[in-house]
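To find a chain, count down the sequence lines: A is the first, B the second, and so on, and within it residues start at 1. All figures in this text were calculated on a predicted structure; none of them were measured in a lab.
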Number of protein chains: 2
Amino acid sequence: MAAVDRSLVANLPMFAGLSPAEQDELLREARSIRYPKDTAVFDQGAEAARFFLLLHGHLRVEKTTSQGQQSVVRYVSAGELFGVAQAMNLTHYPATAVAAVDSIALAWPSSSWQRLIVKYPSLAASALQTVGSRLQDTQARVMEISNEQVEQRVAHALLRLAKQAGRKVDTGVEIDFPISRQDIAEMTGTTLHTVSRVLSAWENEGLVEGGRQRIILRDAHRLHALAEGEEAIQSRKRSS
Amino acid sequence: MAAVDRSLVANLPMFAGLSPAEQDELLREARSIRYPKDTAVFDQGAEAARFFLLLHGHLRVEKTTSQGQQSVVRYVSAGELFGVAQAMNLTHYPATAVAAVDSIALAWPSSSWQRLIVKYPSLAASALQTVGSRLQDTQARVMEISNEQVEQRVAHALLRLAKQAGRKVDTGVEIDFPISRQDIAEMTGTTLHTVSRVLSAWENEGLVEGGRQRIILRDAHRLHALAEGEEAIQSRKRSS
DNA sequence: CAGGGAGCTTGAGCTGGCGCAATCTCCGGC
DNA sequence: GCCGGAGATTGCGCCAGCTCAAGCTCCCTG
């Protein structure tokens with residue numbers, strides 16, 4: 001239960017409205033926990049005993065249906081609140097969160113939630129915004145999956161990932177954590193095979209550059225055009 | 001600006017934690033507005049000037065992409081909070097809300113939101129829960145659209161509608177507002193044509209009973225089986 | 001440094017459901 | 001009571017993307 005230094009979190013929106021003393025007090029109630037790559041922070045269906053703030057790393061949040069089909073709901077990056085099931089009156093986590101890389105999170109007991117939001121109203125506001133923007137994202141995904149072709153959806157997904165967790169490298173922007181074709185398929189509602197084909201094609205055109213669980217966007221601009229449906233698609237069709 | 005009687009709203013969860021005097025005060029700040037069928041309560045992209053509580057009727061919430069594709073995001077029933085864009089820090093409404101039948105809503109100015117949640121914390125909790133359960137629903141929809149066949153998705157959609165706005169009639173449960181095949185298509189990420197075919201087939205099997213903008217579920221149990229993928233599908237295939 | 005396995009690629013064939021188009025039916029307005 | 005139009009139905013052809021299947025490559029482990 002390492003003590004957490006205020007400087008790690010002071011400039012997160014969640015802590016913005018609070019005095020240093022208040023920040024310290026909030027942090028005193030939290031535990032800092034390390035999650036090695038591929039370990040679960042919590043499991044779908046488990047009792048929602050805690051809520052979290054990711055300090056470092058990246059998590060993959062996935063959901064499995066009763067029939068066993070899995071989808072990647074989203075990725076969590078450092079600074080984000082997550083596992084706030086309790087705030088929405090859920091007693092159990094609706095999804096599983098797995099560390100995509102070695103990660104560190106602050107954990108508060110869910111039972112403190114009620115008390116904390118009364119004492120620190122900015123916490124409620126933060127949660128509302130977190131959940132709100134997550135809702136926006138999810139609705140955007142519904143529209144994408146219903147209305148767009150696979151290529152566009154994959155392009156959108158990559159651009160979103162790059163925005164959220166992109167790291168500049170010499171040939172473009174690399175997604176800053178290991179992500180498999182399977183993961184992308186589960187984000188876009190398609191299959192591993194189709195994603196692989198799409199990325200191969202893009203690689204030939206110099207749009208992206210890939211590898212085992214690695215993706216680098218080389219031409220975000222053209223990808224964006226693709227995502228919006230401005231069919232630069234023709235070129236490839238002819239070249240085949 | 002009709003005065004609103006407390007009795008209309010007193011047993012909604014949103015008002016549950018408040019004293020009658022507080023309820024009255026909250027209501028004093030609201031206007032009650034009538035929306036005839038097919039009129040918009042607010043439009044996607046418009047400035048989020050107010051937030052609402054639906055007192056009576058049903059609204060269809062729809063979203064249009066920049067490319068002009070439309071989806072039905074959800075239906076709002078009486079008692080629900082909606083248009084709380086401001087609470088999630090959006091300055092503009094992300095979707096359009098249209099009265100599916102003649103409806104009545106309470107409207108508060110968005111500018112009051114901050115003040116009101118400080119004064120009535122249960123309002124924030126309510127909003128958080130509203131948004132939270134909406135997020136759950138939307139995520140469930142993503143999983144359905146990605147993993148299920150059209151038939152299952154339509155079955156799920158009908159069952160959800162019936163649960164939310166079902167009215168018992170002698171032959172089964174009728175959805176309590178006009179809803180077209182097109183609307184269902186836009187909820188399930190498919191086309192008018194496919195929905196029509198599915199419903200026709202089901203009608204022949206006695207599962208549902210339809211009409212112009214009307215749907216009655218005659219056999220919710222078998223529909224549920226269908227939705228869960230327990231293929232009673234075979235029977236129809238053979239009989240064709 | 002060899003062996004195994006996870007992740008990826010690629011081919012071939014099939015099909016669910018979409019696009020298009022024609023027709024029908026019912027409701028509301030005049 | 002008739003007409004117009006929105007909503008619904010249905011047939012047909014097609015293709016994007018899925019399924020099934022095989023093989024490859026790189027990384028990690030021992």
Side-chain angles (χ1 to χ4, degrees), chain A residues 36-38 60 69-72 98 100 144-155 157 175 177-204 208-216 226 229 231 233-234 236-237 240, chain B residues 36-38 60 68-72 98 100 144-155 157 175 177-205 208-216 226 229 231 233-234 236-237 240:
Chain A
K37 182 168 145 81
D38 293 331
R60 185 178 61 250
Q69 283 128 330
Q70 209 170 60
S71 290
V72 173
V98 179
E144 282 177 25
I145 300 185
S146 338
N147 300 317
E148 294 177 358
Q149 306 278 92
V150 165
E151 274 210 333
Q152 300 183 59
R153 304 198 315 248
V154 174
I175 291 166
F177 49 79
I179 183 168
S180 70
R181 314 287 139 139
Q182 176 71 44
D183 293 330
I184 295 175
E186 288 182 14
M187 296 180 69
T188 52
T190 179
T191 61
L192 154 67
H193 311 273
T194 301
V195 171
S196 179
R197 278 181 247 272
V198 168
L199 290 186
S200 294
W202 286 351
E203 187 143 20
N204 289 336
V208 301
E209 180 181 335
R212 216 183 169 63
Q213 310 210 88
R214 284 179 74 244
I215 299 173
I216 300 172
L226 259 183
E231 41 255 285
I233 303 154
Q234 301 311 327
R236 188 175 55 267
K237 277 193 177 156
S240 64
Chain B
K37 181 169 146 83
D38 292 332
R60 185 179 61 250
Q69 285 129 328
Q70 210 172 59
S71 290
V72 173
V98 179
E144 281 178 24
I145 301 185
S146 334
N147 300 318
E148 294 177 357
Q149 304 279 92
V150 165
E151 274 209 334
Q152 299 183 59
R153 306 199 312 250
V154 174
I175 292 167
F177 49 81
I179 183 167
S180 69
R181 311 291 188 242
Q182 177 70 44
D183 293 330
I184 295 174
E186 288 182 14
M187 297 181 68
T188 51
T190 179
T191 61
L192 154 66
H193 311 274
T194 301
V195 171
S196 180
R197 278 181 248 271
V198 168
L199 290 185
S200 294
W202 286 350
E203 186 143 20
N204 289 337
E205 293 189 46
V208 301
E209 177 180 338
R212 216 183 169 62
Q213 310 210 86
R214 283 178 75 244
I215 299 172
I216 299 172
L226 260 182
E231 41 254 285
I233 302 153
Q234 303 310 329
R236 186 173 59 268
K237 277 193 178 155
S240 65

On the nucleotide dT19(D), are OP1 or OP2 found under 4.0 Å from the side-chain N or O atoms that T191(A) carries?
no
Between R214(B) and V150(A), name the one whose nearest nucleotide on DNA chain D is closer to the 5' end.
R214(B)
Within the pair T194(B) and dC18(C), is there a side-chain N or O less than 4.0 Å away from OP1 or OP2?
yes
Under-4.0 Å side-chain N/O to phosphate OP1/OP2 contact, T190(B) with dC18(C):
yes
Between the first and last five pairs of the helix from dC1(C)-dG30(D) to dC30(C)-dG1(D), the angle of the axes, rounded to 10 degrees:
50°
Give one of base, sugar-phosphate or nothing for S196(B), where a contact means two heavy atoms less than 4.0 Å apart.
base
Any N/O donor-acceptor pair, H193(A) side-chain to dT19(D) base, under 3.5 Å:
no
Across all chains, not counting sequence neighbours, the side chain to side chain donor-acceptor pair (under 3.5 Å) partners of T190(A) are none
Short side-chain N/O contact to dT10(D) OP1/OP2 from R197(B), under 4.0 Å
no
Taking only N and O in the side chain of S180(B), is any of them less than 4.0 Å away from OP1 or OP2 of dA6(D)?
no
Say whether, by atom type as modelled, one donor and one acceptor occur between the side chain of Q70(B) and the main chain of E186(B) under 3.5 angstrom.
no
Is R181(B) close enough to dT9(D) that one of its side-chain N or O atoms is under 4.0 Å from OP1 or OP2 there?
yes
